[in-house]
Amino acid sequence: MKLENVYIEAPRKTDDSIEVFIQTNGPKDIACRSHIHNAIELLYIIDGSYSITVDGVDFSAGAGDLLLFCSNAIHNVYTNELQKTAITL
């Protein structure tokens with residue numbers, strides 16, 4: 001994947017030390033497009049299944065899976081299901 005097609009996420013300043021996102025996506029949604037950042041990222045899948053690409057390698061994950069994206073790893077997440085929910089830290 002070419003870096004010019006990747007969103008470089010800038011660090012966010014918050015009052016909390018951890019940002020938490022709970023998201024519910026619809027069919028064929030891109031939960032997050034290809035991006036990269038300096039922090040690690042955890043993704044816990046509550047229900048449904050996702051297709052994930054990390055540094056050009058494809059993976060599948062489903063309910064109960066916990067994923068760790070290392071800092072500076074180019075990654076994206078999408079699904080083909082009607083509804084699913086995940087928590088991102």
Side-chain angles (χ1 to χ4, degrees):
M1 176 176 295
K2 295 180 180 178
L3 197 53
E4 64 258 15
N5 297 328
V6 175
Y7 174 70
I8 300 174
E9 192 173 294
R12 297 182 188 117
K13 296 196 183 234
T14 65
D15 293 336
D16 299 323
S17 57
I18 297 176
E19 290 183 290
V20 177
F21 302 94
I22 299 175
Q23 59 191 58
T24 300
N25 303 97
K28 303 235 184 243
D29 274 354
I30 298 173
C32 66
R33 66 181 183 164
S34 293
H35 68 285
I36 188 172
H37 41 73
N38 289 330
I40 65 166
E41 181 178 323
L42 294 172
L43 175 69
Y44 178 73
I45 301 173
I46 296 172
D47 63 333
S49 62
Y50 289 82
S51 297
I52 299 107
T53 303
V54 181
D55 289 333
V57 180
D58 296 328
F59 299 92
S60 295
D65 287 340
L66 177 65
L67 305 163
L68 168 67
F69 300 105
C70 294
S71 58
N72 299 311
I74 300 170
H75 56 284
N76 65 44
V77 179
Y78 69 94
T79 187
N80 287 321
E81 294 189 10
L82 291 177
Q83 184 174 343
K84 71 271 162 245
T85 306
I87 298 174
T88 304
L89 302 170

Examine distances only and state if a side-chain atom of Asp58 and a backbone atom of Thr53 form a donor-acceptor pair shorter than 3.5 Å.
no
Do the side chains of Asn72 and Asn38 get nearer than 4.5 Å, heavy atoms only?
yes
To the nearest 0.5 Å, how far apart are CD1 in Ile36 and CZ in Phe69?
13.0 Å
To the nearest 0.5 Å, tell me how far Leu67 CG sits from Phe59 CZ.
9.0 Å
Which pair of heavy atoms, one from [X] and one from [Y], lies closest together, and at what distance?
X	Y	answer
Ala63	Asp47	CB-CA, 3.8 Å
Ser34	Ile74	CB-CG2, 4.4 Å
Ile40	Ser71	CG2-N, 4.0 Å

